[in-house]
Amino acid sequence: EEMGFNDSISLDPSLLKKIWVPDTFFTNEKGANFHHVTTENKLLRVNSRGEILYSIRLTLTLACPMKLQRFPMDQQVCPMKLESYGMTTDDMRLQWNYETKDGKKVSPVQTASDLELPQFRIVSIHYSQYTQEYSTGSYSRMRAEFTLERQ
């Protein structure tokens, strides 16, 4: 039987200073805002198996190079790329968490049901994870690709 975070306890996010947190960053980030109204928007939970859920609310502006040859009947693929900053694959590996709810796979990236994008609708989201090689070592990377269709 799969256990999720329904059998968990929420903890004060100030405890995050006392535990290891991955050093991830968004490689195609152009701007980011953390939310602090009315308190820091962080969530820390531990379930009965000792698994930790850490969530933080942030707003991102990400680079998305567009191909406009078929405008106004175009589709665009916009990536969201996360990577470890300093920890190589020897230390850490990023991986998407596909949870199951009521026997169905739940997407690891969820959007609000009332989400509105100017001129576009989200057609699909595809996920991948891989290793990025640099002169300083091999680093774990995750990618979500949002396929957008102009309306």
Side-chain angles (χ1 to χ4, degrees), residues 1-6 8 11 13 15-35 40-71 73-113 115-151:
E1 181 179 337
E2 192 165 323
M3 297 173 74
F5 280 91
N6 292 331
S8 64
L11 302 172
L15 291 172
L16 286 166
K17 295 175 185 161
K18 298 181 187 253
I19 63 171
W20 176 85
V21 177
D23 65 343
T24 53
F25 74 106
F26 294 87
T27 62
N28 60 329
E29 177 258 326
K30 294 181 76 165
N33 293 311
F34 292 91
H35 296 264
E40 278 192 308
N41 290 188
K42 293 181 178 180
L43 170 67
L44 180 61
R45 285 189 187 155
V46 179
N47 72 10
S48 59
R49 292 194 322 206
E51 296 171 329
I52 296 173
L53 170 68
Y54 167 54
S55 176
I56 186 166
R57 184 173 170 228
L58 66 152
T59 300
L60 297 168
T61 301
L62 301 172
C64 178
M66 294 194 170
K67 298 177 181 173
L68 299 171
Q69 293 90 340
R70 297 183 50 98
F71 178 86
M73 306 298 289
D74 56 326
Q75 277 193 346
Q76 302 297 331
V77 178
C78 294
M80 178 179 68
K81 301 184 259 185
L82 293 92
E83 185 176 309
S84 170
Y85 181 74
M87 297 185 164
T88 67
T89 52
D90 292 336
D91 303 317
M92 172 179 98
R93 292 187 188 265
L94 298 172
Q95 111 181 13
W96 292 108
N97 183 17
Y98 296 92
E99 290 189 17
T100 304
K101 187 173 188 176
D102 300 325
K104 295 181 183 175
K105 222 180 204 185
V106 177
S107 173
V109 175
Q110 299 169 18
T111 59
S113 59
L115 175 69
E116 292 184 21
L117 299 172
Q119 301 181 23
F120 289 98
R121 73 178 183 89
I122 298 175
V123 176
S124 63
I125 307 172
H126 291 96
Y127 309 98
S128 61
Q129 54 205 40
Y130 55 98
T131 300
Q132 184 68 44
E133 302 290 337
Y134 296 107
S135 61
T136 56
S138 302
Y139 296 85
S140 187
R141 180 180 271 193
M142 297 187 336
R143 178 184 185 111
E145 290 184 333
F146 298 82
T147 301
L148 308 175
E149 184 175 79
R150 194 175 302 273
Q151 300 188 79

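It should be emphasised that the depicted structure is a prediction, and the values quoted were computed from it without experimental measurement.
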Q: What is the distance from atom CD1 of I122 to atom CG of L117, rounded to the nearest 0.5 Å?
A: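 I122 atom CD1 to L117 atom CG measures 5.0 Å (nearest 0.5 Å).
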Q: Is it true that atom CZ of F34 has more than 12 heavy atoms of other residues, nucleotides or ligands lying nearer than 6.0 Å?
A: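 No, the 6.0 Å shell around CZ holds no more than 12 heavy atoms from other groups.
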Q: Checking Q75 side chain against T147 main chain: does a donor-acceptor pair fall under 3.5 Å?
A: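 Not confirmed, Q75 side chain does not pair with T147 backbone.
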Q: If you measure from CZ on R150 to CZ on F71, what distance do you get to the nearest 0.5 Å?
A: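 The distance works out to 5.0 Å.
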Q: Shortest non-hydrogen contact from P79 to R143?
A: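 In this case the closest contact between P79 and R143 is CB-NH2, 3.6 Å.
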Q: Looking at CZ of F146 and CD of Q76, how far apart are the two atoms once the value is rounded to the nearest 0.5 Å?
A: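 Those atoms lie 14.5 Å apart.
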Q: Hey, are the side chains of V106 and K104 touching, using non-hydrogen atoms and a 4.5 Å cut-off?
A: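 Sidechains of K104 and V106: no contact.
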Q: How long is the straight-line distance from CH2 of W20 back to CG of D91, given to the nearest 0.5 Å?
A: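 Between D91 CG and W20 CH2, I get 8.5 Å after rounding to 0.5 Å.
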Q: Spell out, as yes or no, whether a donor-acceptor pair under 3.5 Å connects the side chain of Q151 to the backbone of F120.
A: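 Yes, the answer is positive, given that a donor and an acceptor are paired below the 3.5 Å cut-off.
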Q: Any side-chain heavy atom of Q132 within less than 4.5 Å of one from T27?
A: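 Answer no - side chains too far apart.
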Q: Assess whether atom CD of E116 is packed by more than 12 heavy atoms of other residues, nucleotides or ligands within 6.0 Å.
A: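 No, because the 6.0 Å sphere around CD of E116 holds 12 heavy atoms or fewer from other groups.
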Q: Taking the basic N atoms (NZ, or NE/NH1/NH2) and the acidic carboxylate oxygens, is any pair closer than 4.0 Å for E83 and K81?
A: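 Looking at K81 together with E83, the answer is no, because their closest N to O distance does not fall below 4.0 Å.
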Q: Give the minimum heavy-atom separation between A144 and V109, together with the two atoms involved.
A: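 Answer, listing the atom of A144 first, then V109: CB-CG2, 4.4 Å.
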Q: With distance as the sole test, does N47 use its side chain to make a donor-acceptor pair with the main-chain N or O of R49 at under 3.5 Å?
A: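 Confirmed, N47 side chain pairs with R49 backbone.
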Q: Determine, stepwise, if the pair I56 / E40 fulfils side-chain contact (heavy atoms from CB on, under 4.5 Å).
A: CA-CA 9 Å; I56 186 166; E40 278 192 308; over 6 Å; no
Q: What's the spacing between L94 CG and S84 OG if we round to 0.5 Å?
A: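 That separation rounds to 6.5 Å.
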Q: Working to the nearest 0.5 Å, report the span between CD of Q129 and CE of M142.
A: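 Separation between the atoms: 7.5 Å.
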Q: Mind checking what makes salt bridge (Lys or Arg N to Asp or Glu O under 4.0 Å) contact with R57, not counting sequence neighbours?
A: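 With neighbours one apart ignored, the set is empty.
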Q: Assess the residue pair K42 and Y54 against the criterion (side-chain contact (heavy atoms from CB on, under 4.5 Å)); give the C-alpha distance rounded to whole Å, side-chain angles, the decisive distance to 0.1 Å, and a yes or no.
A: CA-CA 7 Å; K42 293 181 178 180; Y54 167 54; 4.1 Å; yes
Q: Could you go step by step and tell me if V77 and H126 meet the side-chain contact (heavy atoms from CB on, under 4.5 Å) rule?
A: CA-CA 10 Å; V77 178; H126 291 96; over 6 Å; no
Q: Check step by step if side-chain contact (heavy atoms from CB on, under 4.5 Å) holds for T88 and Y139.
A: CA-CA 5 Å; T88 67; Y139 296 85; 4.0 Å; yes
Q: Does Y85 have more than 12 heavy atoms from other residues, nucleotides or ligands lying within 6.0 Å of its OH?
A: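 Check fails, neighbour count at 12 or below.
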Q: Identify the two heavy atoms, one from P108 and one from N97, that lie closest to each other, and give their separation to 0.1 Å.
A: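 Where P108 meets N97 most closely, the heavy atoms are CB-O, 3.5 Å.
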Q: Of all residues at least two apart in sequence or in a different chain, which pass the salt bridge (Lys or Arg N to Asp or Glu O under 4.0 Å) check with E29?
A: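 Expected list: none.
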Q: For residues 59-70, dump all side-chain donor-acceptor pairs below 3.5 Å to protein atoms at least two apart in sequence or in another chain.
A:
unit_1, atom_1, unit_2, atom_2, d
T59, OG1, H35, NE2, 2.6

Q: Could you tell me which non-hydrogen atom of M87 sits nearest to which non-hydrogen atom of D23, and how far apart they are?
A: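 Smallest heavy-atom distance, with atoms named: N-OD2, 3.4 Å.
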